[in-house]
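What follows is a single structure, written as structure tokens, with notes after it.
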Protein chains: 2
Amino acid sequence: MKRRQTHSTQEILELLKAENQAMNHEMIQSKLDSQVNRATIYRVLNRFCEDGIVHKIVGDDGKQYFAFCLNCTQKKHNHNHFHFRCIQCGKVECLEKEVSISLPEGYVLENFNGLISGTCNDCT
Amino acid sequence: MKRRQTHSTQEILELLKAENQAMNHEMIQSKLDSQVNRATIYRVLNRFCEDGIVHKIVGDDGKQYFAFCLNCTQKKHNHNHFHFRCIQCGKVECLEKEVSISLPEGYVLENFNGLISGTCNDCT
DNA sequence: TATATTATTGCAACAATGTCGCATTAAAAA
DNA sequence: TTTTTAATGCGACATTGTTGCAATAATATA
């Protein structure tokens, strides 16, 4: 099953690259030039995640946010960092520093989801 | 506005104290002896959160989990720790160690939400 | 270039989560 | 016992995210 490039996939990927923040489907939809169906946006984003191009964070608002992978190679993904969500302006940005958490014996990490919400510098 | 003790509030609080894990509304509802309405459960839990008796974690499944506050005084709440959610059995437990994250200048922390999902010791 | 193949899309429908208004019930105060 | 009003149950709702299916369009093939 090979991936195909479509208008939607290209636009969404470019948007995610351009914006330096994680976005949920609504933010993405409103920023796209062409109109893309909601279901399609989710499918595109989930495919990107499967391919390791994009990573997904679930906010403390319960929504899924997607961000273009930086500093990630095909093999190794570094997503052990926190994201900061501003409750005023809604921006979700990376807090660069990697965080290491040691799990108890026998525990296997599958997904790291660190999120801090509050007020960002612009909104203080 | 004073709080009243009802069957629902008592049962829910006892359950949260007894179980040593964070639970979402569904887990709570199914473990209650008496039948309590879904909306009521949410309202009770949110009141507990307001009162600082219980804290809320949003899982990477997008659901709200509630846990009885341990080691918290009325004044000081220590919720800067991670939770571990097992994707097999659904259990959500505390990872005791406190984590300190330094935010950039001008950023104000409102809520810490650290969650790691994977497989727990029982399910490996 | 024209045709065949099939990944992708849009649409509609759906499940699930969480919230809210409102009338009713039942704690707690008088 | 009566009064006050916080809490409940019910129904309705908004929102998020997913899925089945027919139509479309990107790529491979002739």
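Order of the sequence lines fixes the chain letters, A, B, ..., with proteins taken first and strands second; residue numbering starts at 1 for each chain.
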Please check: side-chain N/O of A/Gln5 versus main-chain N/O of A/Gln10, any donor-acceptor pairing under 3.5 Å?
no
Tell me the bend of the helix from C/dT1-D/dA30 to C/dA30-D/dT1 as the angle between end helix axes, each from five pairs, rounded to the nearest 10 degrees.
30°
From CD of B/Gln29 over to C1' of C/dA16, roughly how many Å is that when rounded to an integer?
13 Å
Parallel, tilted or perpendicular, as decided by the 30° and 60° cut-offs, for the rings of B/His55 and B/His83:
tilted
Only distances under 3.5 Å count here; give the side-chain donor-acceptor pairs of residues 15-22 of chain A to other protein atoms, sequence neighbours excluded, each with its distance to 0.1 Å.
{"unit_1": "A/Glu19", "atom_1": "OE1", "unit_2": "A/Lys31", "atom_2": "NZ", "d": "3.4"}
{"unit_1": "A/Glu19", "atom_1": "OE2", "unit_2": "A/Lys31", "atom_2": "NZ", "d": "3.3"}

Strictly under 6.0 Å, is that where the ring centroids of A/Phe112 and B/Phe82 end up?
yes
Euclidean distance, atom CG of residue B/Asn24 to atom P of C/dT17 [Å, nearest integer]:
7 Å
Roughly how many Å is it from CD in A/Glu11 to P in D/dA26, rounded to a whole number?
13 Å
Using a cut-off of 4.0 Å between protein heavy atoms and nucleotide atoms, how would you tag nucleotides 20-30 of chain C 5' to 3' with B, S and -?
BB----BBS--
Check the distance between D/dG17's C1' and A/Ile57's CD1 and give it to me in whole angstrom.
17 Å
Give a yes/no on whether any side-chain N or O of B/Ser8 is located under 4.0 angstrom from OP1 or OP2 of D/dT8.
yes
Among all residues two or more places apart in sequence or in another chain, which pass the salt bridge (Lys or Arg N to Asp or Glu O under 4.0 Å) test with A/Glu50?
A/Arg3
Rounding to a whole Å, what distance do you find between B/His25:NE2 and C/dA16:C1'?
9 Å
In this structure, how many angstroms lie between the P atom of C/dA7 and the CG atom of A/Asp51, rounded?
14 Å
Need one value for B/Asn46: base, sugar-phosphate or nothing, where a base atom within 4.0 Å counts as base even if backbone is also close, heavy atoms only.
sugar-phosphate
I'd like to know if A/Arg38 reaches the base of C/dG10 with its side chain, counting only an N/O donor and acceptor under 3.5 Å.
no
Figure out the CZ/P separation between A/Arg47 and D/dG17, and round it to whole Å.
17 Å
Write out all pairs satisfying ring-ring contact (aromatic ring centres under 6.0 Å, His included) with one or both partners inside residues 5-37 of chain B, taking only residues at least two apart or from two chains.
B/His25-B/Tyr42
Not counting sequence neighbours, which residues clear side-chain contact (heavy atoms from CB on, under 4.5 Å) with B/Cys89? List them please.
B/Cys86, B/Lys91, B/Cys120, B/Cys123
Rounded to the nearest Å, what distance is computed from the CE atom of residue B/Met27 to the P atom of nucleotide C/dA16?
16 Å
Aromatic contact, B/Phe48 with B/Phe66 (centres under 6.0 Å):
no
Would one find a side-chain N or O of B/Tyr42 under 4.0 angstrom from OP1 or OP2 of C/dT19?
no
Tell me, do A/Ile87 and B/Glu110 make a side-chain contact under 4.5 Å, heavy atoms counted?
yes
